[in-house]
There are 2 protein chains.
Amino acid sequence: MNTTIKDVAELAGVHPSTVSRVINNDSRISEKTKEKVILIINKLGYTPNAIARGLKTKRTYTLGMLIPDITNPFFAEIARGAEDVANANGFNIILCNTDDKLKKERIYLEILKGKRVDGLILGTAHIKDKSILELERKKFPYILVSRNIEGLDKNCIIVDDVEGGMMATEYLIKLGHRRIAHITGPLKTRSALNRLKGYKLAFKKYEIEYRDELVGEGDFRIKGGYQVMKRFLKLAEPPTAIFAANDLLALGAMQVIQKKNFRIPEDFSVVGFNDIKLASFVYPPLTTIRQPMLEMGALAVKMLLKIIEEGEFNQRKEVLESKLIIRESCKKINKIKI
Amino acid sequence: MNTTIKDVAELAGVHPSTVSRVINNDSRISEKTKEKVILIINKLGYTPNAIARGLKTKRTYTLGMLIPDITNPFFAEIARGAEDVANANGFNIILCNTDDKLKKERIYLEILKGKRVDGLILGTAHIKDKSILELERKKFPYILVSRNIEGLDKNCIIVDDVEGGMMATEYLIKLGHRRIAHITGPLKTRSALNRLKGYKLAFKKYEIEYRDELVGEGDFRIKGGYQVMKRFLKLAEPPTAIFAANDLLALGAMQVIQKKNFRIPEDFSVVGFNDIKLASFVYPPLTTIRQPMLEMGALAVKMLLKIIEEGEFNQRKEVLESKLIIRESCKKINKIKI
DNA sequence: TTGTAGGCGTTATCAG
DNA sequence: CTGATAACGCCTACAA
């Protein structure tokens, strides 16, 4: 049996409510009884029952975090940034991997609602997600990170994906590439759609004809990049450069390319997105668009806590800077046809 | 205000305890009232309050997980494996990053104890950790993953680190290397100590003289590998091969080597440990010792649930297979002095 | 400064 | 099969 506030009270010769007061640092309490109670608390190794407390106070000091997959370094960084500031503020995080499945997302949300988490960090929202709208309607504290919802420009923190997609594509164009392929993320996510949009905008700007065959939908994982790139290689006229919607997709693409004994960047230039820690270690070091992942996670929780602690339910949409990191996976186009 | 069991009861015209019974699938309850109640539940969007329930039942269906850093792919994989089977069994996981700091670990344990988690997955235990012994004494459900405690051969799941360290070192020896350096993990962790032990054993087996200057303590992160390798390069007689206690350390080492314009594997051979997903993508693809990380996380939770649900507090020590994965970061020694 | 009493939302036990 | 009641451990008016 766990020791309770009653046990402490009894041994200290005071009333439970007095013990409660010293635990909660109530000002009006004599130094003497305070010391006495604290002594007993330590002696018994008493830890207040957060469950009982939560029942009364309606605060659990626990946040829920939904992401597709913690194994993806992008989300691991975000999770770390989030957990750090949560911890610094006395909160914990329940981690949930949804694999970007709407059904898993729904179930997790229901469970977390049942566990009465104080707020939600969502890295997994589909474009038009009814669950989010419901959170909005019920004024349940939430922050979207790296995702946002159609027609809801608030409570989210993102980078400008359109701009990022454009930067990447424009960089390749300026290197002389014209047949630039794009491996997208899941097109049910806003970020994938926006990076694609940026890609198209760059084409328009430089008056390059857009071709459907050069765009393939991936899954933000290595495997997807591999599969899509394989298709690209079979094209009558394969691309000379690939812009992948994230670094993992880029790695998958690079894997096929090298497996077929082509070289990067001599035969194919590749650009990724995110700049995960290992992007500089792959071969060749990957040129990519950097997102401030740790910072995004941290900021998400900061905003969430503002909602929770200060009741400011409407947080603005935060758009952070992204940046082109040039390494060695791209090259000026080789005029000799491959 | 959240709707409660009372609201449902009232609307359904039954007693709260009846509602409770349908929620918990109590057998003896008429189909008719059951249907009626369920109808109301859906209508009101009622979700049982897990906090209140937990207070009564003393079960939270929440596990605590302590790891050094979720940003380390090794722990991300373990966490994913763990969360998957937790979720499949109706449990959630609170994730805690300790940075391998004993103090953070203690604080987290205290918080999790307060939150009455049903069990603990510990990937962060120091060699002789009093906290663990206390869990043991109090029969609090816990499983150690990839770590174990001096003199406590139970409730843990590991690979044979001694053997792994030996395999790695022996491989290098057989390639003709004699000046083999070792970058260890933090020597307060059992796994680091054991890999070092394996390294030494291999030396003994092949009657190679052990030299202190060829062993440097790292931190299981890229940075540590970088720093230790820098020291190795300054040696009068630098090593020709490096066995790093994990892949991240290996990457750090590779970074310095290449920065100084040496080549891998021509000038230096490198072996890592873990086989994180990206090990095959770095340059050159990293030879390493593979651990079944996902499986370790999954098994940890399975064992933990056995303790929690079936009360079998003493789980055996599970030793999983590790395996040498040969890629391209090692080479037979070049007799010409570098 | 401290004690008293009631309630947070459930479930478990006991009746009926 | 269903209702009544107490209890889980804590907090918080209110009273003293």
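A note on names: the letters A, B, ... follow the listed sequences, proteins ahead of strands, and every chain is numbered from 1. Being a predicted model, the structure only gives us computed values, none of them experimental.
B:Arg28 comes within 4.0 angstrom of a base, heavy atoms only. As judged by a 4.0 angstrom heavy-atom cut-off over every strand, A:Ser17 is placed among the base-contacting residues. Backbone-only contact: A:Ile29 has heavy atoms under 4.0 Å from sugar-phosphate atoms and none from a base. When heavy atoms are screened at a 4.0 angstrom cut-off, B:Pro16 is found touching no nucleic acid atom at all.
One end of the helix from C:dT1-D:dA16 to C:dG16-D:dC1 points its axis 40° away from the other end's axis, with each axis taken from 5 pairs and the angle rounded to 10°.
A ring pair (Phe, Tyr, Trp, His ring centres under 6.0 Å) check over residues 68-105 of chain B, counting only residues at least two apart or in different chains, returns the pairs B:Tyr61-B:Phe91. Legend: salt bridge (charged side-chain N to carboxylate O under 4.0 Å, His left out) pairs involving residues 60-72 of chain B, not counting sequence neighbours, sorted by first then second residue: A:Arg80-B:Asp69.
Under the rule for a side-chain contact (heavy atoms from CB on, under 4.5 Å), the partners of B:Tyr108 that lie at least two apart in sequence or sit in another chain are A:Glu83, A:Asn87, A:Asn92, B:Leu66, B:Cys96, B:Thr98, B:Lys104. For B:Asp153, the side-chain hydrogen bond (donor to acceptor under 3.5 Å, both in side chains) partners two or more places apart in sequence, or in a different chain, are B:Lys317. Judged as a side-chain hydrogen bond (donor to acceptor under 3.5 Å, both in side chains), and not counting sequence neighbours, A:Arg116 has no contacts. Annotation: side-chain contact (heavy atoms from CB on, under 4.5 Å) contacts of B:Asn314 (sequence neighbours excluded): B:Glu136, B:Lys154.
For DNA chain C, the residues of residues 19-27 of chain B within the heavy-atom distance limit of 4.0 Å (strictly under) are B:Ser20, B:Arg21, B:Asn24, sorted by number.
Between C:dT1, C:dT11, D:dT2, one nucleotide has an atom nearer to the side chain of A:Ser30 than all others, and that is C:dT1.
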Residues 39-49 of chain A, side-chain donor-acceptor partners within the protein, below 3.5 Å, at least two apart:
unit_1: A:Asn42; atom_1: ND2; unit_2: A:Ile38; atom_2: O; d: 3.3
unit_1: A:Thr47; atom_1: OG1; unit_2: B:Glu110; atom_2: OE2; d: 2.8
unit_1: A:Thr47; atom_1: OG1; unit_2: B:Lys113; atom_2: NZ; d: 2.9
unit_1: A:Asn49; atom_1: OD1; unit_2: A:Ile51; atom_2: N; d: 2.7
unit_1: A:Asn49; atom_1: OD1; unit_2: A:Ala52; atom_2: N; d: 3.1

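Listed pair B:Thr4 / C:dC8 fails the phosphate criterion, with no side-chain N or O lying under 4.0 Å from OP1 or OP2. At the phosphate of D:dC8, neither OP1 nor OP2 sits under 4.0 Å from any side-chain N or O atom of B:Thr57.
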